[in-house]
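To start, the structure itself, in structure tokens.
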Amino acid sequence: MTARGIRTDEDAEDLDVEEVLALVNDHAHRASGDQTPAPTPQHRGARTPDRDGPDRRPGGNPDRHHRATPWPEAREIAAHAARGATRAARRAPVSVPLDTALGLTLAAPLTALTDLPSFDTSAMDGWAVAGPGPWAVREEGVLAGHSEPEPLTDGEAVRIATGARIPPDTTAVLRSEHGRTDSKGQLHATREIQHGQDIRPRGQECRNGDQLLAVGTLVTPAVLGLAAAAGYDTVTAVPRPRVEVLVLGDELLTEGLPHDGLIRDALGPMLPPWLRALGAEVTAVRRLGDDAKALHKALTKSDADLIVTTGGTAAGPVDHVHPTLERIGAELLVDGVKVRPGHPMLLARTKEDQHLVGLPGNPLAAVSGLLTLAEPLLRTLAARPAPEPYTLPLKDAAHGHPYDTRLIPVVLRGDHAVPLHYQGPAMLRGMAAADAVAVVPPGGARAGQEAELLDLPWASAGIEVCFT
């Protein structure tokens with residue numbers, strides 16, 4: 001194990017996705033100081049028909065309000081469900097070209113395929129010089145990308161560009177601004193130079209075979225650059241979880257202004273890029289309306305790792321999600337969450353290796369469902385490390401629900417989080433300007449009180465916002 005708690009030996013190259021996830025989880029537990037194993041859903045209150053009395057099938061208990069799951073537990077259940085799905089699916093790591101690997105998690109160590117740099121190179125534009133000066137300057141210079149130049153002899157210099165190969169027997173590189181030539185063409189140093197000055201020696205950054213990054217590392221733009229420099233065309237990574245989005249509701253328009261009781265669909269445009277930001281591959285976005293048969297067909301035909309539905313999770317006359325889940329024999333893991341907005345969200349296991357997150361139809365309530373259920377589930381499927389929790393004091397008081405957690409959009413200003421206006425379940429104006437979401441406990445939070453923050457995958461710098 002390294003200091004980060006991630007295995008780095010050669011056996012890591014044979015890991016499957018479940019083992020990569022275990023290493024990431026182990027690192028997270030060690031970083032937090034928690035030495036206890038992650039609890040199972042039974043420990044957290046997720047019922048099963050043979051253990052906890054009333055079953056978790058849709059409709060198994062008509063009193064959904066009382067069986068709603070506390071918000072922190074709902075997030076843990078979602079992460080645990082993903083670990084079970086990873087074991088069931090036996091997903092194997094994949095070889096991914098660098099240009100499509102951003103955001104994935106390494107499933108094999110990144111090991112240097114060459115020395116870096118692979119030859120002695122010049123760190124500056126100037127002259128390669130040999131021995132003490134003054135020096136006679138060769139007519140032809142040395143440029144980057146060319147084969148090894150002829151050796152230098154004492155008292156000789158040659159013009160050299162940054163990144164070019166150093167001629168054999170070079171003493172140092174004299175920077176352009178630190179040299180001058182006299183009337184006879186002799187080169188003189190205007191400052192004292194040291195042996196090896198401004199030469200990047202072969203292997204300065206790494207040697208062939210050195211491990212550069214461990215299993216479980218998130219592929220960032222800098223990781224892509226390092227991989228390319230180290231000689232890679234592809235990396236071995238955890239595959240993206242596949243997500244299918246089902247947009248429900250007869251009242252939704254895909255273009256134009258709202259009219260005659262019809263409204264614009266905000267979730268169809270918002271969910272796919274948000275899910276991609278969580279590490280998913282969105283395989284389809286289907287608009288089904290309020291059609292129980294179409295929903296049943298879509299659920300039974302889908303081969304996605306996660307199905308996300310919008311709307312239809314309550315108990316109205318055209319809310320078909322619960323009845324359809326019951327019809328296909330799905331197991332409800334979370335049926336309602338004690339959170340505002342977004343109380344009627346749900347998480348179901350539709351197959352051994354497939355889950356469904358049912359989002360409420362109101363836009364901000366749907367965002368709450370993304371943060372509560374979809375984010376931990378997708379993060380775990382993608383073997384991404386959990387973000388380190390952090391808090392900031394609230395600039396202003398935040399009104400809370402008497403019994404439920406409340407999620408409100410905030411902007412970050414200095415060392416405070418500032419709650420935003422427009423926090424209603426159907427409103428996105430506050431969220432569109434937000435940097436993060438504050439987790440407000442039941443009963444609310446006073447000004448100056450520390451609040452847990454959930455980061456969003458964008459920043460609102462420069463956007464005019466509406467403060468409370």
Side-chain angles (χ1 to χ4, degrees), residues 2 8-10 13 95-102 106 108-214 217 219-236:
T2 69
T8 62
D9 55 36
E10 293 180 358
E13 298 205 21
S95 180
V96 184
L98 296 186
D99 61 357
T100 60
L102 183 66
L106 291 183
L110 193 73
T111 303
L113 303 179
T114 182
D115 297 342
L116 284 182
S118 55
F119 46 81
D120 293 349
T121 64
S122 176
M124 293 287 173
D125 293 332
W127 296 269
V129 300
W135 302 274
V137 182
R138 287 183 185 173
E139 290 186 5
E140 292 187 4
V142 182
L143 300 177
H146 290 251
S147 58
E148 186 176 65
E150 292 295 320
L152 293 175
T153 59
D154 282 356
E156 192 175 24
V158 64
R159 268 284 184 184
I160 194 166
T162 302
R165 294 171 69 105
I166 295 292
D169 301 325
T170 295
T171 301
V173 169
L174 178 65
R175 299 185 184 188
S176 297
E177 62 268 28
H178 296 163
R180 64 173 180 83
T181 54
D182 60 22
S183 59
K184 296 180 180 180
Q186 292 281 89
L187 174 65
H188 299 262
T190 60
R191 292 190 183 183
E192 183 179 355
I193 61 173
Q194 304 296 323
H195 191 280
Q197 179 174 307
D198 289 326
I199 294 175
R200 292 187 64 211
R202 177 174 181 166
Q204 182 184 49
E205 186 169 4
C206 65
R207 288 292 185 181
N208 184 17
D210 285 352
Q211 180 169 288
L212 305 176
L213 296 171
T217 300
V219 177
T220 64
V223 169
L224 294 174
L226 177 61
Y232 284 83
D233 300 316
T234 63
V235 292
T236 301

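Heavy-atom basis, side chains included; hydrogens, waters and symmetry copies ignored.
Looking only at side-chain heavy atoms (C-beta outward), Val223 and Thr220 come within less than 4.5 Å of each other. Between Leu106 and Val219, the closest side-chain pair of non-hydrogen atoms falls below 4.5 Å. Using a 4.5 Å cut-off on side-chain heavy atoms (C-beta onward), Asp169 and Thr153 make no contact. When side chains are defined from C-beta on, Cys206 counts as touching Leu212, because their heavy atoms get closer than 4.5 Å. Val96 has its side chain out of reach of Thr234: every pair of non-hydrogen atoms, C-beta onward, lies at least 4.5 Å apart. Within the 4.5 Å cutoff, no side-chain heavy atoms of Met124 are placed close to those of Ser176.
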In sequence, state the C-alpha distance, the side-chain angles, and the governing distance for Asp233 and Leu98, and then conclude on side chain to side chain contact (heavy atoms under 4.5 Å, CB included). CA-CA 6 Å; Asp233 300 316; Leu98 296 186; 5.7 Å; no
Any chance you could lay out the side chain to side chain contact (heavy atoms under 4.5 Å, CB included) test for Arg191 and Arg175, step after step, and finish with the verdict? CA-CA 10 Å; Arg191 292 190 183 183; Arg175 299 185 184 188; over 6 Å; no
Using side chain to side chain contact (heavy atoms under 4.5 Å, CB included), reason through Leu110 and Thr217 one step at a time and then give a plain yes or no. CA-CA 9 Å; Leu110 193 73; Thr217 300; over 6 Å; no
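Considering NE2 of His178 and CD of Gln197, their distance stands at 8.0 Å, rounded to 0.5 Å. The CZ atom of Arg138 sits 4.5 Å away from atom CG of Leu152, with the distance rounded to the nearest 0.5 Å. Going from atom CD1 of Ile166 over to atom OG of Ser122 covers 5.0 Å, rounded to the nearest 0.5 Å. For the atom pair CG of Asp120 and OG1 of Thr170, the computed distance is 8.5 Å after rounding to the nearest 0.5 Å. Rounding to the nearest 0.5 angstrom, the gap separating the OG1 atom in Thr121 from the CD1 atom in Ile160 is 8.5 Å. A distance of 4.0 Å separates CH2 in Trp127 from CZ in Arg159, rounded to the nearest 0.5 Å.
Nearest heavy atoms, Ala161 versus Ala144: CB-N, 4.4 Å. Heavy atoms only, all atoms of each residue included: Leu187 and Ala157 are closest at CD2-CB, 3.9 Å. Across all their heavy atoms, Thr114 and Ser118 have their closest contact at OG1-CB, 3.7 Å. Listed here is the closest heavy atom pair of Ala101 and Val235: CB-CG2, 3.8 Å. Nearest approach of Ala172 to Gln194, heavy atoms of both residues: CB-O, 3.4 Å. Nearest heavy atoms, Val158 versus Glu140: CG2-O, 3.1 Å.
When the side-chain hydrogen bond (donor to acceptor under 3.5 Å, both in side chains) test is applied to His188, the partners found at least two apart in sequence or on another chain are Asp182. For Arg165, the side-chain hydrogen bond (donor to acceptor under 3.5 Å, both in side chains) criterion is met by no residue, not counting sequence neighbours.
More than 12 non-hydrogen atoms from other residues, nucleotides or ligands lie less than 6.0 angstrom from CD of Glu177.
When atom types are taken as modelled, the side chain of Tyr232 and the backbone of Thr111 share a donor-acceptor pair closer than 3.5 angstrom. Asp115 places a side-chain N or O within donor-acceptor distance of the main-chain N or O of Asn208, the cut-off being under 3.5 Å. Checked by atom type and distance alone, the side chain of Asp125 pairs as donor or acceptor with a backbone atom of Thr162 at under 3.5 Å.
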